[in-house]
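In what follows, a single structure is set out as structure tokens and then discussed.
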Amino acid sequence: KKRGNEEDLAHPAKRQRKQQLSSSQPGSQGAPVDDKEAFHKKLKAADAEERLYLSAQRRLDLFHNDTAARARQCGECWMLRDFCFCDKLREVNVRHDLHVLMHFKERTQHVASNTGKLIVKVLGATLHVFGVREHEERLVEILKRDPRRSFVLFPAKDAVTMDVFFERLQSDDKTKNNNDADDDESKTDTLTTQRPNDEKLTIVILDGTWSNAKTMHRRLKNAVPGLTRVTLTNARTSEFGATRKTAVMHKITTFGACVQMLRELGESESLITELVGMAHASLRAYKAQSKKPLHFEPSKLLSS
């Protein structure tokens, strides 16, 4: 255990991801929490947006101050310590800039069934808490740097497939090249949807209940006009399983959706298989802790 702590100190990025998962928000440590009466007075006087931020901050403060409850859980996988499965996980590198926008209720409930935490721990994504003004503003600023090469993973009515996203991206690049250079017959090549190996995208994955995900998507859409929404074409609950009730088959876990997205982005099948194994390790730990059957059991549980 001591050696693990020393490794954390030697790797700032690893230490930062651990802090993102185990703490509620920078600067919130020891924050006083208003009593219910004072809080509701503030809430009544606030507009809709301010009510969101007030509610989120109160939940985060209560979560952070509940040291007894947090002590029973692993700060990274969020399981009870007797069921921690961190030894089944390893950090992997992907070429894309991943961001998880996690609803504050998901963040403060700290439930074992959550899988968005795995995107942070395993894939090195940056965690942003929805309902924390600074986090939302930071994410919007990142997306506005290069909106053409950014998208949010969400099955909206006007969402496009990964193929369509790359077709648009290549078309925009070709138009820009033609405008920047003299006419050249070599620039009339037919567009393809091949994934460029050096293409780095900024990707947002929403983490919360379906209702909360729709709320986060709506606010993000308004904050970054024109932001592309991408939907998956072949996500299978039968492959990733589910720890929560799913109304329809395509509503897979957050981590499962992220893994399928990476598959459609052209990551190697060996990496995808390893990530599916980690997802199954999460399912086994959750099943052992809850002592209940999964809402959807994968057709084959892989070992990680």
Side-chain angles (χ1 to χ4, degrees), residues 20 49 52 56 94-107 114-173 193 195-196 199-235 240 246 248 250-267 275:
Q20 287 184 105
E49 183 166 315
L52 167 68
V94 293
R95 65 181 179 271
H96 303 294
D97 187 17
L98 303 181
H99 297 265
V100 174
L101 181 59
M102 183 181 288
H103 198 278
F104 71 87
K105 291 181 179 178
E106 199 76 21
R107 182 68 188 84
N114 176 276
T115 63
K117 67 205 172 193
L118 299 179
I119 305 174
V120 179
K121 179 172 177 58
V122 173
L123 296 170
T126 301
L127 177 64
H128 309 266
V129 179
F130 177 79
V132 177
R133 191 192 306 270
E134 295 82 1
H135 288 206
E136 291 186 36
E137 290 175 348
R138 178 181 63 192
L139 180 58
V140 168
E141 180 184 350
I142 290 170
L143 291 171
K144 286 183 174 180
R145 291 173 189 166
D146 192 357
R148 288 177 54 255
R149 284 177 167 75
S150 303
F151 68 79
V152 57
L153 186 65
F154 187 79
K157 289 182 179 180
D158 58 350
V160 300
T161 63
M162 204 70 75
D163 281 346
V164 172
F165 174 80
F166 275 97
E167 284 175 3
R168 290 179 180 178
L169 189 59
Q170 292 172 13
S171 178
D172 289 345
D173 287 344
T193 56
R195 309 289 188 260
E199 189 75 68
K200 182 177 181 180
L201 304 173
T202 300
I203 303 169
V204 178
I205 300 103
L206 306 177
D207 187 39
T209 63
W210 179 239
S211 174
N212 289 339
K214 289 192 288 186
T215 299
M216 292 189 287
H217 164 255
R218 185 168 55 250
R219 281 176 64 87
L220 206 55
K221 179 181 177 181
N222 292 336
V224 189
L227 178 64
T228 302
R229 272 85 68 200
V230 167
T231 187
L232 301 172
T233 56
N234 194 26
F240 298 102
T246 51
V248 290
H250 71 266
K251 289 183 182 176
I252 62 175
T253 65
T254 304
F255 186 67
C258 184
V259 173
Q260 177 61 28
M261 176 195 72
L262 292 174
R263 174 184 278 147
E264 295 186 16
L265 282 168
E267 293 292 341
L275 292 173

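- Note that the CZ atom of Arg263 and the CG atom of Leu275 stand 9.5 Å from one another [nearest 0.5 Å].
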Where do Arg107 and Leu127 land on the side-chain contact (heavy atoms from CB on, under 4.5 Å) test, with the steps shown first? CA-CA 10 Å; Arg107 182 68 188 84; Leu127 177 64; 3.9 Å; yes
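- By the 4.5 Å heavy-atom criterion applied to side chains, Glu136 and Phe130 are counted as neighbours.
- By the 30° and 60° cut-offs, the orientation of the rings of His217 relative to Phe154 is parallel.
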Test His99 against Leu101 for side-chain contact (heavy atoms from CB on, under 4.5 Å), laying out the working first. CA-CA 6 Å; His99 297 265; Leu101 181 59; over 6 Å; no
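- Listed here is the closest heavy atom pair of Thr231 and Pro155: OG1-CB, 3.7 Å.
- Of all heavy-atom pairs between Phe166 and Leu265, the closest is CE1-CD2, 3.7 Å.
- The structure places CD of Gln260 at 11.0 Å from OG1 of Thr253, a figure rounded to the nearest 0.5 Å.
- Using modelled atom types, one side-chain atom of Glu264 and one backbone atom of Thr233 make a donor-acceptor pair closer than 3.5 Å.
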Does the pair Phe151 and Ile203 meet the rule for a side-chain contact (heavy atoms from CB on, under 4.5 Å), with working shown? CA-CA 5 Å; Phe151 68 79; Ile203 303 169; 3.6 Å; yes
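- The CG atom of Leu220 lies 5.5 Å from the CG atom of Leu139; values are rounded to the nearest 0.5 Å.
- Side-chain contact between Arg138 and Ile142 is present, with heavy atoms from C-beta onward closer than 4.5 Å.
- For the pair Ser171 (side chain) and Glu167 (backbone), a donor-acceptor distance under 3.5 Å is absent.
- A pairwise comparison of heavy atoms in Arg95 and Lys200 identifies O-CG, 3.1 Å as the closest pair.
- The two residues Leu169 and Arg149 have their closest heavy-atom pair at CD1-CG, 3.8 Å.
- When all heavy atoms of Phe255 and Leu118 are compared, the pair lying nearest together is CD1-CB, 3.6 Å.
- Applying side chain to side chain contact (heavy atoms under 4.5 Å, CB included) to Met102 and the options Thr254, Asp207, Ile205, Ile119 leaves one that passes, Asp207.
- A distance of 11.5 Å separates NE2 in His128 from CG in Leu206, rounded to the nearest 0.5 Å.
- Interatomic distance, Lys214 NZ to Lys221 NZ, rounded to the nearest 0.5 Å: 13.5 Å.
- Cys258 approaches Leu98 most closely through the heavy-atom pair SG-CD1, 4.5 Å.
- Within the model, atoms CG of Asn234 and OG1 of Thr161 stand 12.5 Å from one another, a figure rounded to the nearest 0.5 Å.
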Do Met261 and Val230 pass the side-chain contact (heavy atoms from CB on, under 4.5 Å) test, and can you show the C-alpha distance, the side-chain angles, and the key distance before you say yes or no? CA-CA 9 Å; Met261 176 195 72; Val230 167; over 6 Å; no
